[in-house]
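Just below is one structure, and these are the notes that go with it.
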Amino acid sequence: MSPTGTTPHRSSTTSTVTLKINGERHTLPVDHRTTLLDALRERLDLTGTKKGCDQGQCGACTVLVDGRRTVSCLQFAVAAEGSEITTVEGVARDGRLHPVQEAFLELDGFQCGYCTPGQICSALAVLEEHAAGWPSAVTGDVRPEAGPAPLTPEEIRERMSGNLCRCGAYTSIVRAVARAAEQTGTTAAPAADTTEEARA
């Protein structure tokens, strides 16, 4: 009781949210502190998105929110209401793998596979960002009229640098992103020879 004899008002710590994930709507009550990652994994059984560092540093939990890369361990589920969310489960279409997924399989862009869902979601965003003309920290000419820079191995490494692979499959990941860029019509430069890159 308060000094005035009235019961103090307590705001609710939960809300009912509707999340649009991979084209489907899911309505559920969530604690305001629930991250998007935990909502996906623990409440909706979408376990393709992985929990790694839980601090936004490893990229294992990367999903797409309105087409932009998001580390879902740092995003509150309530803040994602109204957005289009894509997890690795929604990347394939009509039973057919996306070119990024095919390239990761064909070029061994993974070993244990734990980070792969986040790598794939990040790679999808890389292709979109590059096609839109967004420069990276290593882009030489950032003038809009210069257009997208060639998607060289150096560009790919920089653009994918937020996703860690503890198995060290980086060389194959770079090659896979370059292959997917070629197949989707994004400007890409030939990936460096695997043997030479491994020596560097």
Close side-chain approach of E81 and T18, heavy atoms under 4.5 Å: yes
Flag for E89-T87: side-chain donor and acceptor within less than 3.5 Å: yes
Worked verdict on E154 versus R157 for side chain to side chain contact (heavy atoms under 4.5 Å, CB included): CA-CA 5 Å; E154 184 182 23; R157 284 193 293 269; 4.1 Å; yes
Side chain proximity check, Y170 to L164, heavy atoms < 4.5 angstrom: yes
Closest approach of A180 to A103 (non-hydrogen atoms, all atoms of both residues): N-CB, 4.2 Å
Main-chain N/O of K50 paired with Y114 side-chain donor or acceptor, under 3.5 Å: no
Polar side-chain atom of N163 near backbone of S122 as donor-acceptor pair, under 3.5 Å: no
Minimal non-hydrogen separation, V71 against G59, with atom names: CG1-CA, 4.3 Å
K20 backbone acceptor or donor facing R25 side chain under 3.5 Å: no
Inter-residue atom distance Q101.CD - T116.OG1, 0.5 Å rounding: 11.0 Å
Side chain to side chain contact (heavy atoms under 4.5 Å, CB included) evaluation trace for S172 with Q111: CA-CA 10 Å; S172 296; Q111 289 185 36; over 6 Å; no
Shared hydrophobic cluster for L127 and V63 (ILVMFWY, side-chain gaps under 4.5 Å): no
Worked verdict on R175 versus D108 for salt bridge (Lys or Arg N to Asp or Glu O under 4.0 Å): CA-CA 9 Å; R175 293 175 61 225; D108 296 324; over 6 Å; no
Straight-line distance of C73 SG to Q57 CD, nearest 0.5 Å: 9.0 Å
Minimum heavy-atom distance between C112 and C167, given as atom pair plus value: N-SG, 3.5 Å
Close side-chain approach of L105 to F110, heavy-atom, < 4.5 Å: yes
Linked, directly or transitively: F76 and L64 (ILVMFWY side chains, under 4.5 Å): no
Separation of T34 OG1 from Q75 CD (nearest 0.5 Å): 12.5 Å
Candidates V88, T86, V91, T62 - the one meeting side chain to side chain contact (heavy atoms under 4.5 Å, CB included) with L124: V91
Salt bridge flag under 4.0 Å for residues E155 and R159: yes
Closest approach of Q183 to P99 (non-hydrogen atoms, all atoms of both residues): OE1-CB, 3.7 Å
Ion pair E129/R69, N-O distance below 4.0 Å: yes
Carboxylate-amine/guanidinium proximity below 4.0 Å for D141 and R143: yes
Least distance between heavy atoms, I173 atom then G109 atom: CG1-O, 3.3 Å
Separation between OG1 of T70 and CD1 of I85, rounded to the nearest 0.5 Å: 9.0 Å
Heavy-atom closest pair, residues S83 and V65: CB-CG1, 3.7 Å
L40 vs I21 side-chain heavy atoms within contact, under 4.5 Å: yes
Side chain proximity check, Q55 to L74, heavy atoms < 4.5 angstrom: no
CA sep, side-chain torsions, deciding dist, call: Q119, M160, side chain to side chain contact (heavy atoms under 4.5 Å, CB included): CA-CA 8 Å; Q119 299 274 3; M160 291 289 293; 3.2 Å; yes
Distance-only donor-acceptor check, side chains H32 and T14, under 3.5 Å: no
Carboxylate-amine/guanidinium contact R33 D31, below 4.0 Å: yes
